[in-house]
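Shown next, in structure tokens, is the structure this report addresses.
What's counted below: heavy atoms across the whole structure, side chains too, no hydrogens, waters or symmetry copies.
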Amino acid sequence: MPTTLPVPLEFRLPEGWAPARPEGFDPGVAFAAVHPQPDAGFTANITIDGGFPKDGVTLAEIADASVEQLRDLADTVEVVHRREVGSEDAPALTQRLSFAAGTDGARLELVQSQVYLSLVDTGDPHKRAVIRLALTATAAQHDSVLGDFQDFVRTVRPDTGAVG
């Protein structure tokens, strides 16, 4: 059963990407989309999940926990790049992970680009939600779908319910 996001979001998928059933992904995924062209039997995907962290937990600590969670599933996990971005009012963090994982008896070299967004809960401005946007692809395909993911990230925003 897909998880509900802590805050409603609106976004636009890149051309050619299609919504997928989140049940086939990690527990906690609220939305998933897949690329139309698999590589080496692996389908590049974009996932969205999120939650309400405990007070005082930083985006870097949440990103560290994500790395540790992936280490439970993958043979090797390396943080290739991490950078804090955004502003004091709207902090964000990006990181790129490389890892090896086995699927259907084959070992694949995968790359995951993650973006963590800190959003104020519109129902309670004292609470903040953290949303994780992730692109997972084979190492060979990652750079060719990264632009799609970056375009997708630029469209993600809280859904205020306003009719435009």
Side-chain angles (χ1 to χ4, degrees), residues 2-7 9-14 17 19-20 22 24-35 38-40 42-103 107-121 127-158:
T3 302
T4 302
L5 289 170
V7 293
L9 297 178
E10 61 181 51
F11 52 84
R12 192 173 61 250
L13 285 177
W17 290 74
F25 293 86
D26 292 336
V29 168
F31 179 83
V34 293
H35 190 265
D39 178 58
F42 184 84
T43 303
N45 60 79
I46 293 172
T47 57
I48 304 174
D49 61 39
F52 290 107
K54 293 181 180 169
D55 285 343
V57 174
T58 67
L59 291 178
E61 289 169 325
I62 294 168
D64 287 342
S66 178
V67 171
E68 292 309 312
Q69 182 180 18
L70 191 55
R71 284 193 171 121
D72 291 342
L73 305 170
D75 299 336
T76 60
V77 179
E78 179 186 353
V79 178
V80 176
H81 175 78
R82 180 181 284 178
R83 186 171 68 144
E84 292 191 32
V85 294
S87 65
E88 188 175 323
D89 292 337
L93 182 143
T94 64
Q95 72 178 4
R96 182 178 296 187
L97 311 174
S98 66
F99 59 100
T103 63
R107 183 177 155 94
L108 290 174
E109 297 297 321
L110 301 173
V111 176
Q112 186 173 82
S113 290
Q114 300 176 336
V115 176
Y116 292 85
L117 304 174
S118 181
L119 304 172
V120 173
D121 179 4
K127 286 173 58 177
R128 72 180 171 104
V130 173
I131 302 297
R132 178 176 62 171
L133 312 170
L135 165 69
T136 307
T138 63
Q141 188 181 35
H142 183 268
D143 289 350
S144 68
V145 295
L146 182 59
D148 284 353
F149 180 63
Q150 291 167 333
D151 290 345
F152 167 76
V153 169
R154 283 190 279 277
T155 72
V156 175
R157 57 188 35 83

Task: Test side chain to side chain contact (heavy atoms under 4.5 Å, CB included) applied to L9 and L119, step by step - done: CA-CA 10 Å; L9 297 178; L119 304 172; 3.9 Å; yes

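- Within the 4.5 Å cutoff, the side chain of V145 has no heavy atoms near those of the P14 side chain.
- Checking side-chain atoms of E61 against main-chain N and O of T58 turns up a donor-acceptor pair under 3.5 Å.
- Side-chain atoms of H35 and D148, non-hydrogen and from C-beta on, do get closer than 4.5 Å to each other.
- Between L13 and F31 there is a side-chain heavy-atom pair separated by less than 4.5 Å.
- R12 approaches F152 most closely through the heavy-atom pair O-CD1, 3.5 Å.
- Between L117 and the options V130, L93, V156, L59, a side-chain contact (heavy atoms from CB on, under 4.5 Å) holds for only V156.
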- [ ] Quick one: do F149 and I46 satisfy side chain to side chain contact (heavy atoms under 4.5 Å, CB included)? Show the steps, please.
- [x] CA-CA 7 Å; F149 180 63; I46 293 172; 4.0 Å; yes

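- Here S118 contributes atom OG and E88 contributes atom CD; the two are 11.5 Å apart, rounded to the nearest 0.5 Å.
- Between A40 and L108, the closest heavy-atom pair is O-CD2, 3.9 Å.
- Judged by distance alone, the side chain of R71 and the main-chain N or O of V77 form a donor-acceptor pair under 3.5 Å.
- A salt bridge is absent between D55 and R128; no separation between the charged side-chain nitrogens and carboxylate oxygens falls under 4.0 Å.
- With a 4.5 Å cut-off on side-chain heavy atoms, V7 and P158 do not count as touching.
- Expressed to the nearest 0.5 Å, how far CD of E78 lies from OG1 of T76 amounts to 8.0 Å.
- Looking only at side-chain heavy atoms (C-beta outward), R96 and L135 stay at 4.5 Å or farther from each other.
- Separating the CG atom in L133 from the CD1 atom in I48 is a distance of 5.5 Å, to the nearest 0.5 Å.
- Counted by atom type alone, S66 and Q114 present one or more donor-acceptor pairs between their side chains at under 3.5 Å.
- Side-chain contact, H142 with S113: a donor N or O sits under 3.5 Å from an acceptor N or O.
- Here the closest non-hydrogen pair linking A74 and A100 is CB-O, 3.4 Å.
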Open item on the list: Would T136 and F99 count as a side chain to side chain contact (heavy atoms under 4.5 Å, CB included) here? Give the steps.
Closed with: CA-CA 10 Å; T136 307; F99 59 100; 4.1 Å; yes

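- Side-chain contact between L97 and V80 is absent, with no heavy atoms from C-beta onward closer than 4.5 Å.
- Across all non-hydrogen atoms, the minimal contact from L5 to G50 is CD2-N, 3.9 Å.
- Within the model, atoms CG of L110 and CZ of F42 stand 5.0 Å from one another, a figure rounded to the nearest 0.5 Å.
- A donor-acceptor pair under 3.5 Å is absent between the side-chain atoms of T155 and the main chain of F11, judged by distance alone.
- In this structure, Q112 CD and N45 CG are separated by 8.0 Å, a value rounded to the nearest 0.5 Å.
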Open item on the list: Assess the residue pair V111 and Q141 against the criterion (side chain to side chain contact (heavy atoms under 4.5 Å, CB included)); give the C-alpha distance rounded to whole Å, side-chain angles, the decisive distance to 0.1 Å, and a yes or no.
Closed with: CA-CA 9 Å; V111 176; Q141 188 181 35; over 6 Å; no

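- Note that OG1 of T94 is 9.5 Å distant from CD of Q150, once rounded to the nearest 0.5 Å.
- Closest approach of A44 and A137 over heavy atoms only: CB-CB, 3.8 Å.
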